[in-house]
Amino acid sequence: CIEDLCDFSNIINNNKAIPYVILMQTLDFNSNRSYVDGKISTEGLISSCNSVEELKNNLTTGEGFTPIGIEGSGRFRGTFEGNNKEIRNLYINREGYAGLFGEVFGVTINDLGVTGSITSTNNTAGGITGVSGQSYYNNCYNKAIITSKSYAGGIVGNGGQQSKELNNCYNLGDVTTNGIAGGIAGNASG
């Protein structure tokens, strides 16, 4: 459920490790069926709410969802199995790294799709990941609108000099930036 995804974000952003995650169903931020009760178990940047409607409103307006792994905090380092599911109507509008994952290092992300709108008002944005180092992406796609100030990419905003592999990934979302953009990656080498 969305509440579990929010707990996952809070745990990683509290600099704790979860090495292996499987997405068990498609999650739609605009659908009440993707929520349980609005309660977030783990304290962090995403707060618990009194109802599904309150949590849904918090995640689909303003800054929206807080990426999993943000700069100056924990980074996800593990495997995320998308299980051929989607994260739908993801909404992020924030400073810093933006994507479902903000910043990752040494990860493998498999079989995942993202739709929605992802914006970094002052930095880097990507559909799956804002900033990525030494990571592997297999069978991933983006249909979200990506907007950033510096690097922007459909899958990865900035892979830097430590990129690894993007296999069988595609982008159908618009990618816009004042800096450097790419349909798959705004920047990647390695």
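The basis for the numbers below is simple: all heavy atoms, side chains too, and nothing from hydrogens, waters or symmetry mates. Note that the numbering runs from 1 along the sequence shown for the chain.
No single ILVMFWY cluster, assembled from side-chain heavy atoms under 4.5 Å apart, contains both I46 and I70. At a threshold of 4.5 Å between side-chain heavy atoms, the hydrophobic network of Ile, Leu, Val, Met, Phe, Trp and Tyr places I92 and I40 in one connected group. In the hydrophobic clustering of this structure, Y97 does not group with V104; members are Ile, Leu, Val, Met, Phe, Trp, Tyr whose side-chain heavy atoms approach within less than 4.5 Å, directly or through other members. L100 and Y136 sit in two unconnected hydrophobic clusters of ILVMFWY residues. Membership requires side-chain heavy atoms under 4.5 Å apart, directly or through other members. Taking hydrophobic clusters as Ile, Leu, Val, Met, Phe, Trp and Tyr residues chained together by side-chain heavy-atom distances below 4.5 Å, I146 does not share a cluster with Y151.
For N13 (side chain) and P67 (main-chain N/O), a donor-acceptor pair under 3.5 Å exists by modelled atom type. Side chain of T177 to backbone of S148: a donor-acceptor contact under 3.5 angstrom is found. Proximity of a side-chain donor or acceptor of S132 to a complementary backbone N or O of S135 within less than 3.5 Å is not detected. In terms of modelled atom types and a separation under 3.5 Å, the side chain of N110 and the main chain of N139 share no donor-acceptor contact. Counting only distance, with no hydrogens or angles, the side chain of S31 and the backbone of R33 share a donor-acceptor pair below 3.5 Å. Looking only at distances, a side-chain donor or acceptor of N14 sits under 3.5 Å from a matching main-chain atom of N10.
In terms of heavy-atom proximity, D111 sits nearest to E81 at OD2-OE1, 4.3 Å. Between C49 and N58, the closest heavy-atom pair is SG-ND2, 3.2 Å. Nearest heavy-atom pair across G74 and N15 is CA-OD1, 3.5 Å. When all heavy atoms are compared, the tightest approach of G44 to S47 is O-OG, 4.3 Å. Contact record, S51 with E54: OG-N, 3.1 Å, taken as the closest heavy-atom pair.
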Please evaluate residues F8 and F76 with respect to the criterion ring-ring contact (aromatic ring centres under 6.0 Å, His included), reporting the C-alpha separation (whole Å), side-chain torsions for both, the decisive distance (0.1 Å), and the verdict.
CA-CA 10 Å; F8 177 44; F76 179 56; 5.4 Å; yes
Verdict with reasoning, I184 to L166, per side-chain contact (heavy atoms from CB on, under 4.5 Å):
CA-CA 9 Å; I184 300 295; L166 292 101; 3.7 Å; yes
When you look at V114 and I128, which way does the side-chain contact (heavy atoms from CB on, under 4.5 Å) test go after all the steps?
CA-CA 7 Å; V114 173; I128 306 292; 3.6 Å; yes
Run the side-chain contact (heavy atoms from CB on, under 4.5 Å) check on V21 and T79 step by step: do they pass?
CA-CA 6 Å; V21 177; T79 298; over 6 Å; no
Please assess S120 against T147 for the test side-chain contact (heavy atoms from CB on, under 4.5 Å), listing each intermediate value before the final yes or no.
CA-CA 6 Å; S120 172; T147 307; over 6 Å; no
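No side-chain N or O of E63 forms a donor-acceptor pair with one of N93 less than 3.5 Å apart. In this model, a donor atom of one side chain and an acceptor atom of the other lie less than 3.5 Å apart for K56 and N32. Counted by atom type alone, T124 and S150 present one or more donor-acceptor pairs between their side chains at under 3.5 Å. Looking at Q25 and N83, their side chains never bring a donor and an acceptor atom within 3.5 Å of each other. No side-chain donor-acceptor contact under 3.5 Å links Y137 and T108.
A distance of 4.5 Å separates OG in S41 from CG in D7, rounded to the nearest 0.5 Å. Here L59 contributes atom CG and F65 contributes atom CZ; the two are 7.5 Å apart, rounded to the nearest 0.5 Å. Residue N187 holds its CG atom at 4.5 Å from CG of N158, rounded to the nearest 0.5 Å. Of the inter-residue distances, the one linking E103 atom CD with E71 atom CD reads 7.0 Å to the nearest 0.5 angstrom. With values rounded to the nearest 0.5 angstrom, D28 atom CG is found 7.0 Å from I2 atom CD1. Atom CE of residue M24 and atom CG of residue D4 lie 11.5 Å apart, to the nearest 0.5 angstrom.
Between D37 and E3 there is a side-chain heavy-atom pair separated by less than 4.5 Å. Looking at heavy atoms from C-beta onward, N50 lies in side-chain contact with K39 at the 4.5 angstrom threshold. Using a 4.5 Å cut-off on side-chain heavy atoms (C-beta onward), Y35 and C1 make no contact. Taking 4.5 Å as the limit, some side-chain heavy atom of R88 sits within range of a side-chain heavy atom of T26. Within the 4.5 Å cutoff, no side-chain heavy atoms of N142 are placed close to those of L172. Side-chain contact check for N138 versus I109: every heavy-atom pair is 4.5 Å or farther apart. You'll find the side chain of K85 reaches within 4.5 Å of the side chain of L23, heavy atoms only. Taking the side chain as every heavy atom from C-beta outward, E86 and T115 approach each other to under 4.5 Å.
The aromatic rings of Y170 and Y141 sit parallel, their planes meeting at an angle under 30°, below the 60° perpendicular limit.
Ring centroid separation for the pair Y91 and F29 does not come in under the 6.0 Å cut-off. The aromatic ring centres of F80 and Y20 sit 6.0 Å or more apart.
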